[in-house]
Protein chains: 2
Amino acid sequence: MKKLSSRLSIAVHILTLTAMSSKNCTSEFIASSVNTNPALIRRIIGYLKNAGLVAVQAGTGGTSIQKDISEITLLDVYNAVEVTEGNGLFNFHKGNRQCKVGANIESILGAALKKAQTAMENELRRITIKDIVDGINKLP
Amino acid sequence: MKKLSSRLSIAVHILTLTAMSSKNCTSEFIASSVNTNPALIRRIIGYLKNAGLVAVQAGTGGTSIQKDISEITLLDVYNAVEVTEGNGLFNFHKGNRQCKVGANIESILGAALKKAQTAMENELRRITIKDIVDGINKLP
DNA sequence: TCTTGATGTAATCATAATAGTTATAAGCAG
DNA sequence: CTGCTTATAACTATTATGATTACATCAAGA
């Protein structure tokens, strides 16, 4: 069924490519590596820019990373591109308030699911863009 | 942006209600507590049935739980209703194979994201339907 | 200053998942 | 047989996503 969007993988790709590349990273160049079109790349770069992760030279063009890549975690990127209202990963139905189960399932279950979400986020926090770059550099 | 579907919360609701209720749990009765219609309930019960968590008396009606509720974890329910092909939580774009980053980002990043997903699943495994039932019973 | 090439962003569009709903065939108890 | 229920298909509306086009804006260099 439905998974989370590929914005996270695209955003990590953008950051990795920008970190590794010596050439001027225009949206056109990045799009050719990501296999999509420049407008989509610019949209995602917009999210990264709002999060303070990158800066873009308007006019001339070119994306540059604004932090040490060992300090940009996957959670930073995830939060930049995958934000949900209330930060909740799971959706809830609205139970019937007249029924004890319906009235309370959200708070009880919600606390449990929040823990699961936090566990995932903590794991994302342990991995940085530098880890990804190193992983690719290690390849033959 | 997008969260995961509310099928998990509805499924947990169904199981909790069935576990706590002494009356015959027809899809009609459950739907009134969940605040939706019987057909949707039957659809989700279908997933739970396929996973061996419940049995349904066709004809007469009524859902019954097939395992001890202390042995049904949220992960069991999650897997029953939220299955994705390949079990991946995150989607990936398809990078350009001509580019070193594009060719390898999926395997490198995929391994990292798999860990995050596993951490979430491990947390879901720690919570059972009994915990939810107990939580609701504890309320005034 | 003007040209060139890039960004920022809005506007469409097609596709897919979700959830709501209706309808109907089939099952079982009394 | 009757009445109630489940199982399932079909259809609809809504929404997120991703692809794409278009255009105004911006900055550097000739």
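Order of the sequence lines sets the chain letters (A, B, ...), proteins ahead of strands, with each chain counted from 1.
Nearest-nucleotide mapping onto DNA chain D: of B/Asn91 and B/Asn24, the residue sitting toward the 5' end is B/Asn24. If you find the closest nucleotide of DNA chain C to B/Thr60 and to B/Arg7, the one lying nearer the 5' end belongs to B/Arg7. Between A/Thr36 and A/Gln57, the one whose closest nucleotide on DNA chain D sits nearer the 5' end is A/Thr36.
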N/O donor-acceptor pairs under 3.5 Å from side chains in residues 107-120 of chain A, not counting sequence neighbours:
residue  : atom : partner  : partner atom : Å
A/Ser107 : OG   : A/Asn104 : O            : 3.2
A/Gln117 : OE1  : A/Leu89  : N            : 3.1
A/Gln117 : NE2  : A/Asn87  : O            : 2.5
A/Gln117 : NE2  : A/Glu121 : OE2          : 3.0
A/Thr118 : OG1  : A/Lys114 : O            : 2.9

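When the C1' atom of C/dG5 is taken as reference, atom CZ of A/Phe29 falls 17 Å away, rounded to whole Å. Per the geometry, NZ belonging to B/Lys49 stands 13 Å off P belonging to C/dG27, to the nearest Å. Distance CG (B/Asn35) to C1' (C/dT21): 15 Å, rounded to an integer number of Å. Across the protein-nucleic acid pair, A/Lys3 atom NZ and C/dA16 atom P stand 14 Å apart, rounded to whole Å. Look at NZ on A/Lys94: it is 12 Å from P on C/dA19, rounded to the nearest Å. Going from atom CG of A/Leu40 over to atom P of C/dT12 covers 19 Å, rounded to whole Å. Rounded to whole Å, the distance from OH on A/Tyr47 to C1' on C/dG8 is 13 Å. The nearest whole Å value for the distance from the CD1 atom in B/Ile41 to the C1' atom in C/dA19 is 11 Å.
Using a 4.0 Å heavy-atom distance criterion, B/Gly46 is classed as making no nucleic acid contact. Within 4.0 Å (heavy atoms only), B/Ala58 reaches sugar-phosphate atoms of the nucleic acid but no base atom. Contacts of B/Gly61 with the nucleic acid, taken as non-hydrogen atoms under 4.0 Å apart, involve only primed sugar atoms and P, OP1 or OP2.
Using a 30° and 60° split on the angle between ring planes, A/Phe90 and B/Tyr78 fall in the perpendicular class, above 60°.
Salt-bridge annotation for A/Asp134 and A/Lys130: present, with a side-chain N of the basic residue lying under 4.0 Å from a carboxylate O of the acidic one.
Atom CD of residue A/Glu71 and atom OG1 of residue A/Thr128 lie 9.5 Å apart, to the nearest 0.5 angstrom. Between the CG atom of B/Leu17 and the CD1 atom of B/Ile132 there is a distance of 13.5 Å, given to the nearest 0.5 Å. Atom NZ in A/Lys67 sits 6.0 Å away from atom CD1 in A/Ile72 (nearest 0.5 Å). In this structure, OG1 in A/Thr73 is found 8.0 Å from CG in A/Asn79, a value given to the nearest 0.5 Å. Atom OG of A/Ser5 and atom CD1 of A/Ile10 lie 8.0 Å apart (nearest 0.5 Å).
Of the candidates C/dT9, C/dC28, C/dA19, the closest approach to any side-chain atom of A/Ala39 belongs to C/dT9.
Scanning atom types as modelled, no donor and acceptor separated by under 3.5 angstrom connect the side chain of A/Arg43 and the base of C/dT7.
Of all nucleotides in DNA chain D having an atom under 4.0 Å from a heavy atom of chain B, the first and last in 5' to 3' order are D/dC4 to D/dT17.
Phosphate contact (OP1/OP2 of C/dG20, side-chain N/O of B/Asn37, threshold under 4.0 Å): absent. Residue A/Thr26 places none of its side-chain N or O atoms closer than 4.0 Å to OP1 or OP2 of C/dA6.
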